[in-house]
Amino acid sequence: MAWTAAVSAFHQTEYSCHLPQILSSERTYQLGLMATLVELSLPASDFALGRLLTAGTEMHIEFERIVPVNTNVVPLFWVWNGDVDAFEERIRANDHVSELIEIDQVEDRRLYLLNWDIPEGGFFEGFTETEVIIRSAHGYDDEAWEFELLFPSQKELTTFHNYCREIDVQYTIGKMHVLSEAGSDLLESVLTEKQREALLIALQRGYFQTPREVTLSELAADFDISQQSLSDLIRRGNEALLEHALLGGSENTPSG
């Protein structure tokens, strides 16, 4: 996909909800019985893209959530805290960067799309060796980068780990969660369809972020319902999830 087409598609959609269609239109991810969510940290010195974006600066970099990675790696990331104009000039001057496009600006944060050549044998190339999904990634100055990665299977996780060992990249594992296909059936038994939809869109649009990236009024307009009705859906959905997670609620037919 040409970069101009990607940017055009981006501007015609809500970015948080449609990143998979923009970045990975030719790939479908299937999560198996042993899909695994992994939290890990990595020194900026072992992460070429991290060194490029944050090393020696006071900039904060955060990858946009749910960024699929394929052979054409297209990082989308938020930048804030510091001289953003100087940041743009430094990134565009790098030999590995073909194009840096500003996509959006929200208050003091800017969202960019980066077209770059991945240095061979680097940590980021490990993502292209597997079908990993970057759930989140954050870096600051010379501090370690923090990642949350979703591997569709144990095989993909093992491939990624072995690749990192081969190139002598030392990362630190935090939490690991093994997911199961039963999770979707469980949600159907806990939440109504409207509650699931309201919570999913609110999450993807940044309603639960601090500060919020979208208002309740804006979400309600998208749903074509009143603010009060949407607020009730979100509240009841959260209550149902918390009751099941914390109190072991039974899987009865959801209400509300």
Side-chain angles (χ1 to χ4, degrees), residues 13-43 46-50 53 61-78 111 113-114 118 122-139 144-165 167 169-188 190-191 196-197 199-209 213 237 241 244-245:
T13 59
E14 292 292 345
Y15 60 81
S16 294
C17 303
H18 299 281
L19 279 174
Q21 287 93 323
I22 296 172
L23 299 185
S24 188
S25 58
E26 298 180 354
R27 169 177 286 181
T28 300
Y29 288 88
Q30 298 292 335
L31 300 185
L33 288 172
M34 297 299 288
T36 306
L37 190 63
V38 178
E39 296 177 7
L40 64 84
S41 60
L42 177 76
D46 288 336
F47 183 34
L49 183 57
L53 297 177
I61 306 292
E62 183 176 59
F63 281 28
E64 178 57 64
R65 284 172 173 73
I66 317 176
V67 179
V69 174
N70 52 29
T71 54
N72 295 317
V73 178
V74 186
L76 276 102
F77 53 89
W78 291 97
L111 179 66
L113 178 150
L114 178 66
I118 305 174
F123 172 76
F124 210 81
E125 194 173 90
F127 296 152
T128 67
E129 297 291 319
T130 63
E131 294 188 346
V132 62
I133 297 173
I134 303 176
R135 289 281 302 275
S136 66
H138 176 264
W145 274 72
E146 303 290 336
F147 292 89
E148 185 179 65
L149 307 175
L150 179 60
F151 294 89
S153 68
Q154 287 287 321
K155 178 181 178 181
E156 301 295 341
L157 175 56
T158 300
T159 299
F160 177 80
H161 176 71
N162 289 340
Y163 171 82
C164 290
R165 290 186 61 184
I167 63 174
V169 167
Q170 303 294 322
Y171 60 81
T172 301
I173 290 288
K175 297 179 181 178
M176 294 182 61
H177 306 279
V178 178
L179 311 180
S180 71
E181 291 179 339
S184 59
D185 296 332
L186 178 61
L187 285 182
E188 290 180 2
V190 174
L191 301 174
R196 290 196 303 275
E197 182 180 5
L199 287 173
L200 178 60
I201 299 301
L203 178 64
Q204 292 176 325
R205 294 282 301 279
Y207 179 73
F208 299 112
Q209 297 299 307
E213 298 174 3
L241 288 175
H244 182 86

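Hydrogens, waters and symmetry mates are skipped; everything else that's a heavy atom, side chains included, is used.
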* With rounding to the nearest 0.5 Å, note down the distance linking CD in Glu146 to CG in Leu40. => 8.0 Å
* Structure fact -> Taken to the nearest 0.5 Å, the spacing of Leu76 CG from Leu114 CG works out to 9.0 Å
* Asked: Looking only at heavy atoms, which two atoms of Leu191 and Arg196 are closest? And how far apart?
  -> O-NH1, 2.9 Å
* To do: Calculate, to the nearest 0.5 Å, the distance between atoms CG and CZ belonging to Leu200 and Arg205 respectively.
  => 11.5 Å
* Ring center gap for Tyr163 and Phe123 short of 6.0 angstrom -> no
* Looking at CD of Glu39 and OH of Tyr171, how far apart are the two atoms once the value is rounded to the nearest 0.5 Å? -> 14.0 Å
* Please lay out, stage by stage, how Leu149 and Phe160 fare under the test side-chain contact (heavy atoms from CB on, under 4.5 Å). => CA-CA 11 Å; Leu149 307 175; Phe160 177 80; 4.2 Å; yes
* Asked: Atom CD of Glu213 and atom CH2 of Trp78: how far apart are they, to the nearest 0.5 Å?
  -> 6.0 Å
* To do: Compare all side-chain heavy atoms of Val132 with those of Glu156 and state whether any distance is below 4.5 angstrom.
  => no
* **Whether Trp145 and Phe63 hold their rings parallel, tilted or perpendicular, with breakpoints at 30° and 60°** => perpendicular
* Going by atom types only, do Glu62 and Ser136 share a side-chain donor-acceptor pair under 3.5 Å? -> no
* To do: Calculate, to the nearest 0.5 Å, the distance between atoms CG and CG belonging to Asn162 and Leu157 respectively.
  => 9.5 Å
* Structure fact -> Gln154 and Thr36 have their tightest heavy-atom pair at NE2-OG1, 2.8 Å
